[in-house]
Amino acid sequence: MSTKQKHILVTGGAGFIGSHTVVELIEAGYTPVIIDDFRNSERFIPERLEKLTNQKIIAVDAACQDVEVLDSLFSKYNFEGVIHFAADKAVGESVSDPLKYYDNNLSSLISILRMMDKYNTKSLVFSSSCTVYGNPKSTTGKSVVTEDSIHLNPDSPYGNTKLIGEQILQDWIASSSRSNVALLRYFNPIGAHASGEIGELPQGIPNNLLPYITQTAVGIREKLTVFGNDYDTEDGTCIRDYIHVCDLADAHVSAIKWLDLQTNPGIEIFNIGTGKGTSVLEMVQAFEKVIGKPLSWEYGPKRSGDIPEIYANPIKAKEMLQWESKFSIFQAIEDAWRWENNRPKND
Ligand code: WQD
């Protein structure tokens, strides 16, 4: 007897974290359905996912605000749950164009919630960010954060859309919704699938550290600038919790499985990080060790908006989701380096 297919809608499923999550969902026996308007992802990703998983991938080129398309998908697949990645996510761009971020990131979420109510969809995993913690050291005196660490106004409109998104979900659950929500606060996703088939595809000059490092090492960028070396940290550079994107993807599957077991409507927040802090300098040194040659880099001025240090206490995800990160930053760097040398070049 064929097991009932469990369809999961993955919004933004052709993106960096979304595509890696699609692979993990298939490996866990789910049937993902991608909706993506490809504003920040490449149209060749779904076919690469088919090659990687040896499964037909259902991918629809549309925005979450396209109610007609969304309604047809919910009616056709009767989703067990939704994983909502679709959002604009460039911190710097959100400062220069806040209305684009408030409009897209909030209206896409609200469109999904309305459809979940219409079709009585049980589960939602929401992609949030550690950026909602602001600068924890200045409020709690500690750089390690638990889910109830004091919230500050996040330092960008992008971060605000994540905090407001969380508040929308709290109010939605407190109203008549019969759904269950797992709200995942990501730290710093890095790396790529070991196959070399999918990975990070920054548009233009990378904002994030590791893609800038790998592009420098292959000669696309001339030199890495380390933004600031006189922070109040051991080596003077900023500390972050870098997590392998496959560990992060795995956390989404653990969340979907956990939501499936819940019997009453509710919402839970989870830090998805390794629980370890790594400095920029340590990342550079780890990269040079992995590739066996020096990187071209120099110190430069601090980047506005950067906070000195933040990393996760991930104990709640371990205890409630039975999830914890498995890969080291060295494995993530090795996988990111393989991808950089394999990926299509459109820089
Ligand atoms: C990491 C460190 C930089 C580039 C961002 C988003 C956050 C979340 C994760 C989505 C910082 C330093 C970087 C460079 C450098 N995204 N750096 N030279 O800023 O911690 O967080 O990604 O949820 O919302 O803000 O990540 O990779 O940009 O920077 O020295 O060329 O690397 O100063 O200390 P960040 P990042």
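Both ligands and their constituent atoms are indexed starting at 1 by order of listing.
- Regarding atom 34 (O) of ligand 1, its nearest protein heavy-atom neighbour is Cys238 CB, 3.0 Å.
- At a threshold of 4.0 Å, the pair Arg343-Glu340 counts as salt-bridged, since one of the basic side-chain nitrogens sits closer than that to a carboxylate oxygen.
- Residue-to-ligand polar distances keep Thr131 apart from ligand 1: every N/O pair is separated by 3.5 Å or more.
- Protein heavy atom in closest approach to atom 18 (N) of ligand 1: Thr225 O, 2.8 Å.
- Between the side chain of Glu24 and the backbone N or O of Asp250 there is no donor-acceptor pair closer than 3.5 Å.
- Ion pairing between a basic and an acidic side chain is recognised when a charged N comes within 4.0 Å of a carboxylate O; Lys56 and Glu50 show such pairing.
- Distances shorter than 4.0 angstrom occur between a heavy atom of Tyr242 and an atom of ligand 1.
- For the pair Lys289 and Phe330, the cation sits on the ring face: its NZ or CZ lies under 6.0 Å from the ring centre, inside 45° of the axis.
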List the steps and the verdict of side-chain hydrogen bond (donor to acceptor under 3.5 Å, both in side chains) for Tyr101 and Glu93.
CA-CA 9 Å; Tyr101 277 68; Glu93 184 193 33; 2.4 Å; yes

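- Atom 14 (C) of ligand 1 has as its closest protein heavy atom Phe227 CE1, 3.3 Å.
- When each of Phe85, Phe270, Trp258 is checked for a ring pair (Phe, Tyr, Trp, His ring centres under 6.0 Å) with His252, only Phe85 meets the rule.
- Ligand 1 is approached by Arg303 to a heavy-atom distance shorter than 4.0 Å.
- In terms of protein heavy-atom proximity, atom 36 (P) of ligand 1 is nearest to Asn208 ND2, 3.4 Å.
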- [ ] Would you please test Ile83 and Leu124 for side chain to side chain contact (heavy atoms under 4.5 Å, CB included) and show each step?
- [x] CA-CA 6 Å; Ile83 301 180; Leu124 172 69; over 6 Å; no

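- Protein heavy atom in closest approach to atom 4 (C) of ligand 1: Asn207 O, 3.4 Å.
- Environment of CG in Asn78: sparse, with no more than 12 heavy atoms of neighbouring residues, nucleotides or ligands closer than 6.0 Å.
- Looking at Asp306 next to ligand 1, an N or O pair under 3.5 Å apart turns up.
- Among protein heavy atoms, the minimum distance from atom 24 (O) of ligand 1 is reached at Tyr158 CE2, 3.3 Å.
- The shortest contact between atom 26 (O) of ligand 1 and any protein heavy atom is with Asn188 ND2, 3.1 Å.
- Geometrically, ligand 1 and Leu209 share a nitrogen or oxygen pair separated by less than 3.5 Å.
- Because its NZ or CZ atom is both nearer than 6.0 Å to the ring centre of Tyr231 and within 45° of the ring axis, Lys302 counts as a cation-pi partner of that residue.
- Looking only at heavy atoms of the protein, atom 20 (O) of ligand 1 is closest to Arg240 NE, 2.7 Å.
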